[in-house]
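A short write-up of the structure that comes next.
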Amino acid sequence: MEMTFRWYGSKHDSVTLQQIRQIPGVTGVITTLYDSKPGEVWSIEAIRAMKEEVEKAGLHIAGIESVNIHDAIKVGSEDRDKYIDNYITTLENLGKEDIHLVCYNFMPVFDWTRTELARKRPDGSTVLAYSQESIDKIDPEKMFESIDSDSNGFVLPGWEPERMSKIKELFAMYENVDDDKLFENLKYFLERIMPTCDKYDINMAIHPDDPAWSVFGLPRIIINQENILRMMKMVDNPHNGVTFCSGSYGTNLANNLPEMIRSLKGRVHFAHVRNLKFNSPTDFEEAAHLSSDGTFDMYEIMKALYDIDFKGPIRPDHGRMIWDEVAMPGYGLYDRALGATYLNGLWEAIAKSYK
Ligand code: DNO
């Protein structure tokens with residue numbers, strides 16, 4: 001594995017490449033062209049500029065998170081081919097610039113969802129949290145009505161604010177899309193892009209839906225072992241793979257995380273590793289990475305990745321806000337750096353004891 005760190009670009013991120021480089025063992029960043037919109041072609045020039053900036057700081061781009069998918073592709077509307085053609089051109093341009101990993105998601109309307117951005121824990125740190133009871137009280141169309149593209153409102157990092165301002169329209173688009181239809185549209189998309197992935201050796205790594213169940217009545221399919229294996233089989237190409245995100249699959253306590261990892265041998269191209277602390281099955285908060293701070297056995301997760309001979313990038317995931325840091329929710333420097341160091345320690349210990 002290669003330890004990496006997510007970076008939102010010099011324009012948006014309070015964390016600098018120089019800081020990232022000083023985290024022991026971190027050699028690569030995971031980034032994206034943050035000002036691009038879903039459906040647009042990424043030019044070679046823009047990709048190259050991003051790459052040169054990262055390389056000048058002594059790091060490299062280990063993967064893209066994300067090249068977002070236009071809603072026309074997810075709902076399977078008539079104009080989807082135009083957007084898939086654009087996606088293919090972006091993949092070709094990434095491949096030409098020697099970038100071989102693309103993380104994406106197929107979540108309708110919303111990316112990952114939390115109900116609190118700064119829940120206070122007894123030690124004074126704050127964390128992102130989710131409670132289904134709070135979600136059930138919200139009318140999503142009303143909640144996002146006033147969000148414009150400059151507003152940070154309730155928008156989480158990784159969400160696309162311009163989409164939130166079109167919320168009603170988006171909900172209407174998904175009216176006739178159920179789980180099977182979403183699977184079908186995903187299959188259509190993957191079948192069209194696989195020849196390009198084969199040609200440029202690009203690993204596509206789908207990110208799970210977070211939380212791993214339907215939110216606001218929208219279909220969500222990348223949620224458990226059965227569904228992800230269905231997806232692997234439906235387009236049975238090694239370039240059709242997954243981002244194994246422990247914090248997302250882990251939202252459903254019925255998911256056995258190490259077992260899922262083992263069942264995906266050869267298809268895990270990227271890993272997000274973090275812990276969650278459950279207060280009830282429908283209320284959880286994003287604990288520190290350390291096993292004893294949350295509900296998951298992080299050793300077993302790393303051991304499963306080791307056992308499947310995982311060679312891709314891994315990144316610590318959402319961190320707590322500690323030491324008075326002010327940063328994007330979940331994406332500060334300090335706690336993620338602690339996470340990277342802890343995960344590196346687990347990996348070293350596992351590698352030495354199973355040599
Ligand atoms: C949350 C992230 C997600 C992820 C996308 C991938 O912190 O893991 O926003 O980047 O779902 O497309």
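These numbers come from a predicted model, not from an experiment. Order of appearance sets the numbers: ligands from 1, and atoms from 1 within every ligand.
Close approach of ligand 1 to C103 (heavy-atom distance below 4.0 Å) involves ligand atoms 6 (C). Counting atoms of ligand 1 from 1 in the listed order, those under 4.0 Å from a heavy atom of R315 are 8 (O). Every atom of ligand 1 with a heavy atom of D111 under 4.0 Å away is listed here by number and element: 3 (C), 5 (C), 9 (O), 11 (O). Annotation for ligand 1: atoms under 4.0 Å from non-hydrogen atoms of H272 are 8 (O). Near S66, meaning under 4.0 Å from one of its heavy atoms, ligand 1 places the atoms 5 (C), 6 (C), 10 (O), 12 (O). Heavy-atom proximity to M107, at under 4.0 Å, picks out these atoms of ligand 1: 11 (O). Ligand 1 places these atoms under 4.0 Å from at least one heavy atom of R6: 2 (C), 7 (O), 10 (O).
For ligand 1, the polar-atom distance check against N105 finds a nitrogen or oxygen pair separated by under 3.5 Å. Among the atoms of E65, some N or O lies under 3.5 angstrom from an N or O of ligand 1.
Salt bridge absent: K265 and D307 never bring a charged side-chain N and a carboxylate O closer than 4.0 Å. Residues D179 and K181 are not paired through a salt bridge, judged by the lack of any N-O separation under 4.0 Å between the basic side chain and the carboxylate.
N240 places a side-chain N or O within 3.5 Å of a backbone atom of V235 that can act as its donor or acceptor partner. Side-chain N or O atoms of R336 include one that pairs as donor or acceptor with a backbone N or O of R6 at under 3.5 Å.
Taking a 6.0 Å sphere around CG of D324, one finds it holds 12 or fewer heavy atoms contributed by other residues, nucleotides or ligands.
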Next on the checklist: Between H207 and H272, is the ring-ring contact (aromatic ring centres under 6.0 Å, His included) condition met? List the steps.
Outcome noted: CA-CA 9 Å; H207 189 278; H272 292 177; 5.1 Å; yes
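Under the salt bridge (Lys or Arg N to Asp or Glu O under 4.0 Å) test applied with E286, the options R121, R114, K277, R320 reduce to a single match, R114.
Residue contacts with ligand 1, taken as heavy atom pairs separated by less than 4.0 Å, involve Y104 solely via the backbone atoms N, CA, C and O.
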